[in-house]
Visitor: 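Questions regarding the structure given below will be posed in turn.
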Amino acid sequence: MMGLTEGVFLIVCGTQFTLGILVNGFIGLVNGRSWFKTKRMSLSDFIIATLALSRIILLCIILTDSFLIVLSVNEHDSGIIMQTIDVFWTFTNHLSIWFATCLGVLYCLKIASFSHPTFLWLKWRVSRVMIWMLLGALLLSCGSTASLINEFKLYSVLRGIEATRNVTEHFRKKRNEYYLIHVLGTLWYLPPLVVSLASYFLLIFSLGRHTRQMLQNSTSSRDPSTEAHKRAIRIILSFFFLFLLYFLAFLIASFGHFLPKTKMAKMIGEVMTMFYPAGHSFIVILGNSKLKQTFVEMLRCESGHLKPGSKGPIFS
């Protein structure tokens with residue numbers, strides 16, 4: 001029978017899921033409507049739209065996993081259901097993280113200003129760089145999923161040996177190998193984290209140089225370039241901190257069987273994990289002029305201050 005803790009857990013997960021679907025669905029609808037009208041979509045809009053789509057799928061997977069934790073914990077911890085969920089979660093999760101990283105790199109290349117030949121080469125070929133990054137993201141996501149499948153094979157061997165109750169030195173070596181592969185699997189998160197940090201620091205340095213130039217020329221520091229720097233820095237920095245929180249939650253959920261009170265640890269990890277796909281997408285809305293304008297107009301229309309079809313102020 002489901003207890004109070006499990007009930008609260010499902011309510012919290014359901015609330016986060018609903019908010020996440022609304023936020024990411026809003027991004028998808030706005031960009032989809034824009035593409036339908038103009039038959040064109042910018043590179044940034046394409047990355048944001050695919051990011052929203054991947055997060056919608058990710059939220060559905062996490063919600064399914066949450067229900068299994070409460071309603072069928074035995075099925076969750078073993079069997080084909082667990083493996084299927086983990087495979088889809090791993091692939092979609094890495095793809096979502098890489099899409100957010102690509103967005104940060106795109107902002108960095110378009111907004112930051114450096115005279116270094118390598119940076120200029122990348123800046124002039126930003127579309128090609130983004131296409132290769134997206135293809136690389138897909139390849140790395142497949143690689144992380146293949147690594148997980150290999151881990152499942154080793155896990156099946158261990159369960160077969162354990163079922164015979166023949167715990168030999170060979171079994172201990174296989175078990176240690178499994179734990180090592182499990183830990184090394186988290187290193188797949190390192191490349192997007194490093195790339196995001198590099199983009200963030202480049203934007204910080206570029207903003208510092210730009211601000212000094214504005215002060216030397218006695219120009220207002222609130223020019224469009226400065227504001228663009230600040231918006232991009234907020235988006236990348238929020239991604240970085242939410243990603244660290246998400247990574248911590250993922251570790252709790254993934255290594256929950258090593259912790260006391262396994263079920264409670266997994267539920268805490270799941271709640272923390274669901275916060276990232278909705279939270280960062282909301283920050284993306286606030287940092288994107290088109291999304292922010294549409295969002296504000298929608299809120300005003302709902303509150304009766306703006307009639308449908310009328311135009312509100314342009315937000316930069």
Side-chain angles (χ1 to χ4, degrees), residues 6-32 45-73 75-76 81-104 134 137-138 141 144-145 148 188-189 192 196 235 238-254 256 263 265-288 291 295 298:
E6 288 84 354
V8 172
F9 166 71
L10 290 180
I11 290 173
V12 173
C13 286
T15 303
Q16 289 182 311
F17 172 80
T18 304
L19 292 175
I21 292 296
L22 289 174
V23 171
N24 288 286
F26 170 79
I27 293 174
L29 285 174
V30 171
N31 284 316
D45 285 346
F46 174 76
I47 295 175
I48 291 173
T50 51
L51 175 63
L53 177 61
S54 66
R55 284 176 171 171
I56 289 173
I57 298 172
L58 183 62
L59 284 165
C60 293
I61 295 171
I62 297 175
L63 185 69
T64 302
D65 194 60
S66 301
F67 274 102
L68 284 176
I69 288 177
V70 173
L71 303 177
S72 185
V73 67
E75 288 291 335
H76 177 272
I81 296 179
M82 178 204 72
Q83 294 182 8
T84 303
I85 288 176
D86 282 354
V87 165
F88 280 104
W89 187 341
T90 299
F91 179 77
T92 311
N93 182 37
H94 281 87
L95 207 56
S96 171
I97 290 171
W98 270 112
F99 283 151
T101 303
C102 290
L103 185 64
L134 290 170
L138 182 62
S141 298
S144 63
T145 307
L148 180 68
W188 287 99
Y189 293 94
S196 295
I235 291 175
S238 66
F239 164 72
F240 176 70
F241 283 118
L242 285 173
F243 175 73
L244 289 180
L245 177 65
Y246 176 77
F247 183 63
L248 174 62
F250 179 79
L251 289 179
I252 293 173
S254 180
K263 188 175 180 179
K266 287 181 179 179
M267 287 194 295
I268 293 173
E270 295 275 333
V271 169
M272 294 172 62
T273 299
M274 293 192 79
F275 178 73
Y276 162 74
H280 182 253
S281 294
F282 185 73
I283 295 171
V284 169
I285 290 175
L286 297 180
N288 183 279
L291 293 174
F295 184 70
M298 183 185 69

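Keep in mind that this is a model prediction, so the values were computed, not measured.
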Visitor: What pair of heavy atoms forms the shortest contact from L51 to A100, and how long is it?
Guide: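 Shortest heavy-atom separation between L51 and A100 comes out as CD1-N, 3.8 Å.
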Visitor: Within the distance-only criterion (no hydrogens, no angle test), does the side chain of T92 pair as donor or acceptor with the backbone N or O of S54 below 3.5 angstrom?
Guide: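 Not a single qualifying donor-acceptor pair exists.
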Visitor: Might you confirm whether atom OH of Y189 has over 12 heavy atoms from other residues, nucleotides or ligands at distances under 6.0 Å?
Guide: yes
Visitor: Say you draw a straight line from CD1 of I69 to CD1 of I62; how long is it, rounded to the nearest 0.5 Å?
Guide: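 Answer rounded to 0.5 Å: 10.5 Å.
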Visitor: Given side chain to side chain contact (heavy atoms under 4.5 Å, CB included), test L291 with I48 step by step and report yes or no.
Guide: CA-CA 10 Å; L291 293 174; I48 291 173; 4.2 Å; yes
Visitor: Give the intermediate values and the outcome of side chain to side chain contact (heavy atoms under 4.5 Å, CB included) for residues S66 and F9.
Guide: CA-CA 8 Å; S66 301; F9 166 71; 3.7 Å; yes
Visitor: Taking side chain to side chain donor-acceptor pair (under 3.5 Å) as the test, write out the residues that go with S281, two or more places apart.
Guide: N24, R55
Visitor: Drop me the distance from I97's CD1 to H280's NE2, to the nearest 0.5 angstrom.
Guide: 11.0 Å
Visitor: Can you name the side chain to side chain contact (heavy atoms under 4.5 Å, CB included) partners of F282, sequence neighbours left out?
Guide: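 Result, side chain to side chain contact (heavy atoms under 4.5 Å, CB included) vs F282: V23, L286, F295.
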Visitor: I need the D86 CG to L148 CG distance, nearest 0.5 Å.
Guide: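 It is 6.0 Å, given to the nearest 0.5 Å.
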Visitor: Roughly how far, to the nearest 0.5 Å, is CG of L59 from CE of M274?
Guide: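 Here the interatomic distance stands at 5.0 Å.
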Visitor: I'd like to check L10 versus E6 (side-chain heavy atoms, cut-off strictly below 4.5 Å). Are they in contact?
Guide: no
Visitor: Looking only at heavy atoms, what is the nearest atom pair of S141 and W98, with distance?
Guide: OG-CD1, 4.4 Å
Visitor: For F275, look at atom CZ and say whether over 12 heavy atoms of other residues, nucleotides or ligands are found less than 6.0 Å away.
Guide: no
Visitor: What closest approach, in Å, do L242 and G279 show between heavy atoms, and which atom pair accounts for it?
Guide: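 The answer is CD1-C, 3.9 Å.
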Visitor: Looking at residues at least two apart in the chain, or sitting in another chain, which of them share a side chain to side chain donor-acceptor pair (under 3.5 Å) with D45?
Guide: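 D45: side chain to side chain donor-acceptor pair (under 3.5 Å) contacts with S42, K290.
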Visitor: Report all side-chain donor-acceptor pairs from residues 13-22 shorter than 3.5 Å, counting only partners two or more places apart or in another chain.
Guide:
unit_1, atom_1, unit_2, atom_2, d
T15, OG1, I11, O, 2.8
Q16, NE2, V271, O, 3.3
T18, OG1, G14, O, 2.8

Visitor: Only counting residues at least two apart or in another chain, list the ones meeting side chain to side chain contact (heavy atoms under 4.5 Å, CB included) with F241.
Guide: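 Applying side chain to side chain contact (heavy atoms under 4.5 Å, CB included) to F241 gives L237.
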Visitor: Tell me if a side-chain donor or acceptor on D65 pairs with a main-chain N or O of I61 at a distance below 3.5 Å.
Guide: no
Visitor: Taking ring-ring contact (aromatic ring centres under 6.0 Å, His included) as the test, write out the residues that go with F99, two or more places apart.
Guide: none
Visitor: Looking only at heavy atoms, what is the nearest atom pair of L138 and L95, with distance?
Guide: CA-CD1, 4.0 Å
Visitor: I56 and G25: which non-hydrogen atoms are nearest, and at how many Å?
Guide: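 Result for this residue pair: CD1-N, 3.9 Å.
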Visitor: Is a donor from one side chain sitting under 3.5 angstrom from an acceptor on the other, for Y276 and N93?
Guide: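 Distance-only check fails for Y276 and N93.
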